[in-house]
Protein chains: 2
Amino acid sequence: MSGRSRERQAKYQRIAAELRAGIETGEYEPGQRLPGENDLMAAHGVARMTARQALALLQAEGLVEARKGAGVFVRDFKPIRRLGVERLARAQWGSGRSIWAADIGGRDLVVDSVAVTEEEAPAAVAEILGLGEEDRACVRRRRFVLDGEPVLLSVSYLSAELVRGTPIAQPDTGPGGTYARLEELGRRPVRFREEVRSRMPNAEESAHLRMSSGMPVMLIGRTAFDDQGRAVEVNEMVLDASAYVLEYNFEA
Amino acid sequence: MSGRSRERQAKYQRIAAELRAGIETGEYEPGQRLPGENDLMAAHGVARMTARQALALLQAEGLVEARKGAGVFVRDFKPIRRLGVERLARAQWGSGRSIWAADIGGRDLVVDSVAVTEEEAPAAVAEILGLGEEDRACVRRRRFVLDGEPVLLSVSYLSAELVRGTPIAQPDTGPGGTYARLEELGRRPVRFREEVRSRMPNAEESAHLRMSSGMPVMLIGRTAFDDQGRAVEVNEMVLDASAYVLEYNFEA
DNA sequence: CATCGCAACATCTCTAGAGATGTTGTGCGG
DNA sequence: CCGCACAACATCTCTAGAGATGTTGCGATG
């Protein structure tokens, strides 16, 4: 038939619901392969495109992941806990410890690639940093990898004039990182603002994070201020949402 | 043909890219209708299913929204700024002001529906609140609407024993809200933890928030602690990610 | 002038088949 | 015993057509 009696829902939704239930009850465990196009066609007596629609629905929900030529597999979810406040406490970066150390329980989060350039900052960033038309920005682009999987893209902007000739303009910023160096320059960050939002990744982000379709990214925009209230750093981060839980602790 | 020469990308991706470019350059403005299935079939000489795939891609990216029988329209994005820290400052709720007032610039965020029940808390919540097998929880479920659009679902758990007979167990908690009442009970919240993550909505969330496919939700789990470090409230929120930006301010 | 019914048009769902392309394991040859 | 070629199998892409269903605006009717 076609567009048959809508007693409740479409065929592909019924099939998807059945598979979804199987995942939630644990019939199909994370990493396990589940029935593919051909299996569903045979089992439910539907056309290929209909079976595909059912699987596409589950992919869009982020429950499963299709690997071409191999099959459809149940996704896993073991997020990193990222402490928004404590990780930026001075006790952390003041002592030469990586501010990332506190994030992960035993797992291995490392910088995959670093690129430091001097370029013109986007208008919105230039405005925040108080850069004029002529001023340029030091831009630090980094990618972080956990267990071989890229999970975080970070782009950091600072006044080029301020950091020129310091380790901040080098790939390796030394013990304590950028913030320890800023303190040595008399521009210690004392206050932070983080803005969080979420959306679907664009093609570029999708490629850099090797994300499978149907998973959102979280965006964190962090601004660091010194004791004069001047913004000294703007950091834009793109996180694989399936890899992260953000935690913020604060007092009333 | 079929699965033709992959010089670079599939037909449906080329078509999607073209429309995407049109959106980004402003050729198609928010709210405007863009070429539908029939237009794309004619313009590119492809089959209906191929045109549909192109449009499905843009929907999955959250760029457009299809309205059955009407057409495909460009999405808009005007988020609410939610201040994670300041909104819970005592100056806010201590003075009888709604903690929501600071969030929105002139727009109208109101509670759409409130349901207060007494039931058994989920195991994870019971653990945090320190509830035993016998203890029950006061559960406050609310939906918030902005400009007629539902944007936030909130489920709040408190010890039923603690709040029984107080306004907290009523739909209207009075000036200053739940936290002002908790203070009167000698359990003033002094510390908060918020955990943020993001994923695609499930069917129920999708329906309650009237979300169009391809937009993620953000989940906030907030725990409020009193001066003894005891958890007095657990609040699980589901936010339409296209409606919110979360802001957290803190010191090093 | 208001309102209701309907036609035109939009997306949604589905069928049946087929070539392209990526993955995996097996078996043969060195 | 190692390694490579290849067959089997998986998903991906696309065609052409058609009935179902929701939206909208126009025209006829009261």
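Remember, it's a predicted structure, so these values are computed and weren't measured experimentally. Here is how names work: the chains are called A, B, and so on, in the same order as the sequence lines, proteins then strands, and each is numbered from 1. The figures here come from the full heavy-atom set of this structure, side chains too, leaving out hydrogens, waters and symmetry mates.
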Give the rounded distance in Å between these two atoms: [atom1] of [X] and [atom2] of [N].
X	N	atom1	atom2	result
A:Asp39	D:dA10	CG	C1'	10 Å
B:Gln13	D:dT13	CD	C1'	10 Å
B:Glu37	D:dC14	CD	C1'	15 Å
B:Met41	C:dT11	CE	P	10 Å
B:Leu40	D:dT15	CG	C1'	16 Å
B:Leu58	C:dT11	CG	P	13 Å
B:Met49	D:dA16	CE	P	14 Å
B:Arg14	D:dT13	CZ	C1'	16 Å

Minimum-distance nucleotide (side-chain atoms of [X] versus [options]):
X	options	answer
A:Arg67	C:dT24, D:dT11, D:dG22	C:dT24
A:Arg33	D:dC14, C:dT23, D:dA10	D:dA10
B:Ala70	C:dT13, D:dT13, D:dT23	D:dT23
A:Ala47	C:dT23, D:dT15, C:dA16	C:dA16
B:Lys68	D:dG22, D:dC12, D:dT24	D:dG22

- prompt: Nearest 0.5 Å, what's the CG-SG distance between A:Leu158 and A:Cys138?
  reply: 5.5 Å
Does [X] put a side-chain nitrogen or oxygen below 4.0 Å from OP1 or OP2 of [N]?
X	N	result
A:Lys11	C:dT15	yes
A:Tyr12	C:dT13	yes
A:Arg48	C:dT15	no
A:Asn38	D:dA10	yes
A:Thr50	C:dT13	no

- prompt: Does the pair A:Glu194/A:Arg82 count as a salt bridge with the N-to-O cut at 4.0 Å?
  reply: yes
message: When you compare the side chains of A:Arg20 and B:Asn202, does any donor N or O come within less than 3.5 Å of an acceptor on the partner?
response: no
query: Does any donor atom in the side chain of B:Glu233 or B:Ser156 lie under 3.5 Å from an acceptor atom in the other side chain?
result: yes
query: Hey, are the side chains of B:Leu58 and B:Leu19 touching, using non-hydrogen atoms and a 4.5 Å cut-off?
result: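 Side chain of B:Leu58 against side chain of B:Leu19, heavy atoms only: contact under 4.5 Å found.
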